[in-house]
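Notes follow once the structure below has been shown.
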Amino acid sequence: MTVQLKKTVAATGATPITVVDRASFQALAPKLPAPTRHWLAVNGFKGAADTFALIPGPDGKLGQVFAGVAGMNHPFALASLPLGLPEGDYRLSDDGLTLDAEAAALSWELGAYRFDLYKKPSRAPARLLLADSPLAERGLAQAAVIAATRDLVNTPAEHMGPDELAQAVAVVAKQHGAKFKQTVGDELLKKNFPAIHAVGRAATRAPRLIELNWGSDHHPRLSLVGKGVCFDSGGLDIKSADGMRQMKKDMGGAANALGLAALIMAFRLPVRLQLLIPAVENAIAGNAYRPGDVFKTRNGTHIEIGNTDAEGRVILCDALAYAAESKPELLIDMATLTGAARVALGPQLPALFARHMDEARDLVDLGLKVDDPLWHMPIWQPYKSGIESTLGDLVNTGKSPMAGAINAALFLDHFVPKDVDWLHIDLFAWNSESRPGRPAGGEAQTVRTLLAYLEQRFA
Ligand code: BES
Ligand code: ZN
Ligand code: ZN
């Protein structure tokens, strides 16, 4: 952790950071010593978010930092500092705005995140000494989970196959005293997960259904399902080179669902949690599933394969049917499911499909509030005819190229009984461009929003 929680931080000799926004800086500036005021003016510092200024002390060494933030509880408030400031120890000074401790801890840690599995970083992040508090700890817990989620997504497929993904779940299960199990390879057929098996059977690394269970029988059941396609070549309907380039991240739904599960357990939400991750590699070999094949899935539905690249909904249909068997109070799936959702909403906005309008509104509002947004799209039943099959019940591609994300949602909808409260999130799990605290690469999306929602709903 780059943030160190201490009983007291004032007497540590750490460089003080004065936190301001534009308005508070305008009020503070006239009261500053003239040299400091002039130096800030020369450097054009006005308290804008994500800007900072270094102030020398009388000896010419670093004496003070001014940092601009977007808000007192902004989750990325301090994110540009850990890798922007010189190495060393810092503390938050009393003369500026009082940042929310959760935001301070979270934003500093997120700003220090780098994926350093292979390339060793050239510098250490600056350290923040922060007064210990439950809120600060809550911030650190979230940051640790977000970093772990990003690491899973960033790790190349060679080192993050179905087995490694299962091991990552096992580690989290152990941390929190949860039960872990997995159904691997041909066992999937015996235990009636034929769709997961079909997609994963051509890979040298065995497909599986990973399962974690935690919590008391007395609490309401919550099921989380994450798409765990460790690499999506497209299968026989092979992707283009460009389309395949980032497909190590096609287990981003699984990484995010695991992250959310970890926070639910860390904060001991009063739920009975089930996490399900169908984990496969969508590979090409002589035994690969083919366009035109028909499979009988777990709940008896016959699905026709229109395109082997629409593999996510195929593995998810068995996992969702299985999740629904235990009649959860709420079922949430997260998946890097369609390019169409990205065409519609771009990289920053996961698409939310919900059965109940009020839940969707709550989630969209919460997402904006905690700066972890998602946007509501419809499970538009009139389009269902577009995924009907002549050979079987459903096709995994739409007859029309329009409304691709809705078609995928409608396909999944078929496997979740109507009386189950179900949320489907079609996400990117990736930052295309770097922003403070959000470097280009793997990303946790909607995890903080869903946590806030679940705390509201179940606590
Ligand atoms: N994993 C992809 C979806 C994806 C692509 C997500 C790029 C994020 C970025 C998924 O398995 C897929 O290939 N979907 C196809 C479905 C189509 C064949 C019906 C798509 O969206 O093009
Ligand atoms: Zn695909
Ligand atoms: Zn995919």
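Sequential numbering from 1 along the given sequence is applied to the chain's residues. For ligands, and for the atoms within them, numbers begin at 1 and follow the listed sequence.
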So which of the N, O or S atoms of D232 lies nearest the Zn ion (ligand 3)?
OD2
To make sure I understand the geometry: which N, O or S atom in E311 is closest to the Zn ion (ligand 3)?
OE2
Using a 4.0 Å heavy-atom cut-off, which part of D309 comes near ligand 1: side chain, backbone, both, or neither?
both
Looking at V395, L337, D250, the heavy atom closest to atom 14 (N) of ligand 1 belongs to L337
Shortest non-hydrogen separation from L165 to A279 and the atoms involved:
CD2-CB, 4.1 Å
Please say whether the positively charged group of R150, taken as NZ for Lys or CZ for Arg, lies over the ring of Y113, i.e. under 6.0 angstrom from the six-membered ring centre and within 45 degrees of the axis.
yes
Of L258, L276, L273, the one forming a side-chain contact (heavy atoms from CB on, under 4.5 Å) with L224 is L273
Residue portion contacting ligand 1 (non-hydrogen atoms closer than 4.0 Å) for M244:
neither
Considering only N, O or S atoms of D250, the one closest to the Zn ion (ligand 3)
OD2
Look at atom 17 (C) of ligand 1 and say which protein heavy atom is nearest, naming residue and atom and giving the distance to 0.1 Å.
A310 CB, 4.3 Å
List every atom of ligand 1 that sits less than 4.0 Å from any heavy atom of R313, numbering the atoms from 1 in the order shown and giving each element.
16 (C), 19 (C)
Proximity flag M251 to ligand 1, non-hydrogen atoms under 4.0 Å
no
When you check the gap from the basic side-chain N to the acidic O, do E325 and R298 get nearer than 4.0 Å?
yes
One residue to check: K227. Relative to ligand 1, which of side chain, backbone, both or neither has a non-hydrogen atom less than 4.0 Å away?
side chain
Heavy-atom contact check, 4.0 Å cutoff: does Q246 meet ligand 1?
no
Within 2.8 Å of the Zn ion (ligand 2), is there any N, O or S atom belonging to D309?
yes
Relative to atom 18 (C) of ligand 1, which among N407, T336, N307 owns the nearest non-hydrogen atom?
N307
Basic-acidic side-chain contact under 4.0 Å: D217, R272:
yes
Closest heavy-atom contact between A283 and S233?
CA-OG, 3.9 Å
Distance filter under 4.0 Å to K249 heavy atoms, resulting ligand 1 atoms
8 (C), 9 (C)
If you draw the axis of the six-membered ring of F76, does the NZ or CZ of R438 fall within 45° of it and under 6.0 Å from the ring centre?
yes
Using the salt bridge (charged side-chain N to carboxylate O under 4.0 Å, His left out) definition, which of the options R201, R205, R208 pairs with E281?
R205
Give a yes or no on whether K227 keeps an N, O or S atom under 2.8 Å from the Zn ion (ligand 3).
yes
How far is atom 21 (O) of ligand 1 from its nearest protein heavy atom, and which residue and atom name does that atom have?
G339 N, 2.7 Å
